[in-house]
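Following: one structure in C-alpha cells, then a few remarks.
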Amino acid sequence: MPADNVMFSRMYGDDSPIAAFATTPGNSALTLIRCSGKSAIEIFSPVFSPERIKDAPGSTVVHGWIIISANSEKIDEVLVSVFRAPKSYTGEDSLDICCHGGPSAGKAVMDVLKRAGFRDALPGEFTFRAFMNGKLDLTRCEAVMELVSARTETGRSHAMSRLGGSLETEIGEIKKLLVEALCGAEIYLDYSEDEIDAGEKVDRLPGQDIALTALERLKRLSASWQFERIYQEGITAVIAGRPNAGKSSLFNALLKEERSIVTEVPGTTRDWIEAWVSINGIPVRLIDTAGLRESADSVEKIGVERSRKILLEADIILYLIDGEIGITEEDKDFIAGADGAQACLLSVWNKADIAPAQMLSLADKKPVSVSAKTCEGIADLCAAVASAVQDNLPVRQEQGNCAVGTTRQKNLVDAACCALEEALSLAQKEEPLDMIAPLLREAVNALGEITGEVSTADILEEMFSRFCVGK
Ligand SMILES: Nc1nc2c(ncn2[C@@H]2O[C@H](COP(=O)(O)OP(=O)(O)OP(=O)(O)O)[C@@H](O)[C@H]2O)c(=O)[nH]1
Ligand SMILES: [Mg+2]
C-alpha cells in the first residue's frame, strides 16, 4: 500500500474534531461550515462569544461571533446550530456554523477553527462517521451522494426514496427470505443421514419456494439499474438536420434560453454546442449541430464533419425536417441510413406554425410535429424522447418499484443472484445440501455488503473517498 494510503487509513475512522466547508466558497450570501467530533463543542467554545455555547442544549441555534481567543477580535457574526450526540447527522457532537458568504469570511472562520484544534475533514468523512455510528446504512450513505449530484427532479426523488430506506428495506426483506431458506437447509445438515426418517428424506431444497421468490426480487432489482443509470448518467441527444431546419431554435426552446445563434441564413451554426437539460426528468446532454449539406465553404465543411462525428455519440438523434420546405431526398436518405444504427432516431417536423405536418410515414414512425418558434408540440416531443428511452430498455421499470442506485449495489445484487441461481440449480439436480448451503450463505453475505453489515475497511475507504468534502 502506498504511503499516502496508509496515512489515509489511519485518519479515517477516528473521532477527532473535523471541519469542512459544506458550501462552495464564492459569491454567495452565506457560507456553511460543518464541524463534528469528540469534544467539538468544548473546543469551539473559546473561539465563540458569548462562551455560553458550551451549555447550549442540542438542536438549538445560537447567535454570536467567531473571535480570536487571545484578543477577542471579532472575525465574523454567525449563527451556530448545536447538535449533541447521538442526535446529529454523524451521531457525534456537531456544529453547523452559518457565516457570511464571499471569499474571505468563511476562510477566516476556518483558520480560527483550525487553530482551535479542528482538522480538515476527508471526503465523505461526516457520512462515514454517520455510518460507523449506526445513523445510516451504506445504501443511505450512497443516497446522500446521489442526492447532492442529482441532475434532475426525478433523479432527486429516486435518491430521496433510497435515503428514506426503500432499498435498505427491500434488501432486508430479501435477506430474511434467504436466511429462512438457509436455516431450512442447515437444520438437515445438523443431522446425520441415519437420523433422518426415510419418510423425511430431503429430495429438494427445503425452502426452495422462498429462495425462488428471493431470486425473482433480486432479478427485478438488478434490472432496475438499466433505468436508474439513465437518471444518474443521462443520455446524449443530438439535434441534426439540413441547414435552416430550425435545430438551433429547437435547442433554445428545449433549454428555455437563447443559447444558440438563430438566423435565417442557412449554415449559421458551425461548431456544435452542448448543454444539459431535463427532459421529463431524464438528464439529457443536448447537442446542436451544423446543418448537414455538401458545402464549398471550408469552415462550414469542417462544421458538417464535426456534426457527423458527434452523431456517433448520440443515444437519440432528433432529426429535424424543415416544414417550410418539406421532406427532401437528403432527409429521406439520412432517416433510412439511421435504420439499424446504434442510436434511436426520432424524426421531428418543424415549423408546424406555418407548415402543418404532411402525412408521411418515415421508417414506420410518424414524425413528431413541433414549432420551435411557438413551442407548440414541444411537450409531445419530450414525451416521445422519454418513451424512446423506455422502449430501448431491456426491462420496463414500473413506477414506484424499488431500485438500486449505484454500480456497487448492482454488482452485489448480481453476485447474490449468481450464488442463488447456482444453489437452486444444484438443488434441482438433488445435490447434497452441504454443497448448497454455502452458496446460500454467499448470497446472504453479498446482500449484507450492500447495506454495510458485512464490510471491510478497504471497501469503506474506497467508497467514501469518492464523496465530496463536507458531506
Ligand atoms: N415559423 C417558424 N420559423 C422557424 C421555426 N424554427 C426556426 N425557424 C426559423 O428558421 C430559421 C432558421 O432557424 P435556426 O434555428 O437558425 O435553424 P438551424 O437549423 O439551426 O440552421 P443552421 O444552423 O444554419 O443549420 C430562423 O429564421 C428561424 O427563426 C419555427 O418553428 N417556425
Ligand atoms: Mg443552427
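Counting convention: from 1, in listed order, for ligands and their atoms alike.
Annotation: P266 places no N or O atom under 3.5 Å from an N or O atom of ligand 1; distance criterion only. Here's the thing with G246: one of its N/O atoms is less than 3.5 angstrom from an N/O atom of ligand 1. Of the N or O atoms in A245, one or more lie within a sub-3.5 Å distance of an N or O in ligand 1. Considering backbone and side-chain atoms together, T374 places no N or O closer than 3.5 Å to any N or O of ligand 1. Ligand 1 has an N or O atom lying under 3.5 Å from an N or O atom of N244, backbone or side chain. No N or O atom of T289 sits closer than 3.5 Å to an N or O atom of ligand 1.
When the heavy-atom distances from atom 24 (O) of ligand 1 to G267, P243, A253 are ranked, the shortest goes to G267.
A side-chain donor-acceptor contact under 3.5 Å links K410 and S222.
Counting heavy atoms from C-beta outward, D93 and F83 have side chains that stay 4.5 Å or more apart. Counting heavy atoms from C-beta outward, R119 and D14 have side chains that approach closer than 4.5 Å.
In this structure, the protein non-hydrogen atom closest to atom 7 (C) of ligand 1 is S249 OG, 3.2 Å.
No heavy atom of L250 sits closer than 4.0 Å to any atom of ligand 1.
Proximity of N350 to ligand 1, defined as any heavy-atom pair under 4.0 Å, is confined to the side chain (atoms from C-beta onward). The backbone and the side chain of V262 each have at least one atom closer than 4.0 Å to an atom of ligand 1 (non-hydrogen atoms only). Residue contacts with ligand 1, taken as heavy atom pairs separated by less than 4.0 Å, involve D353 solely via side-chain atoms from C-beta onward.
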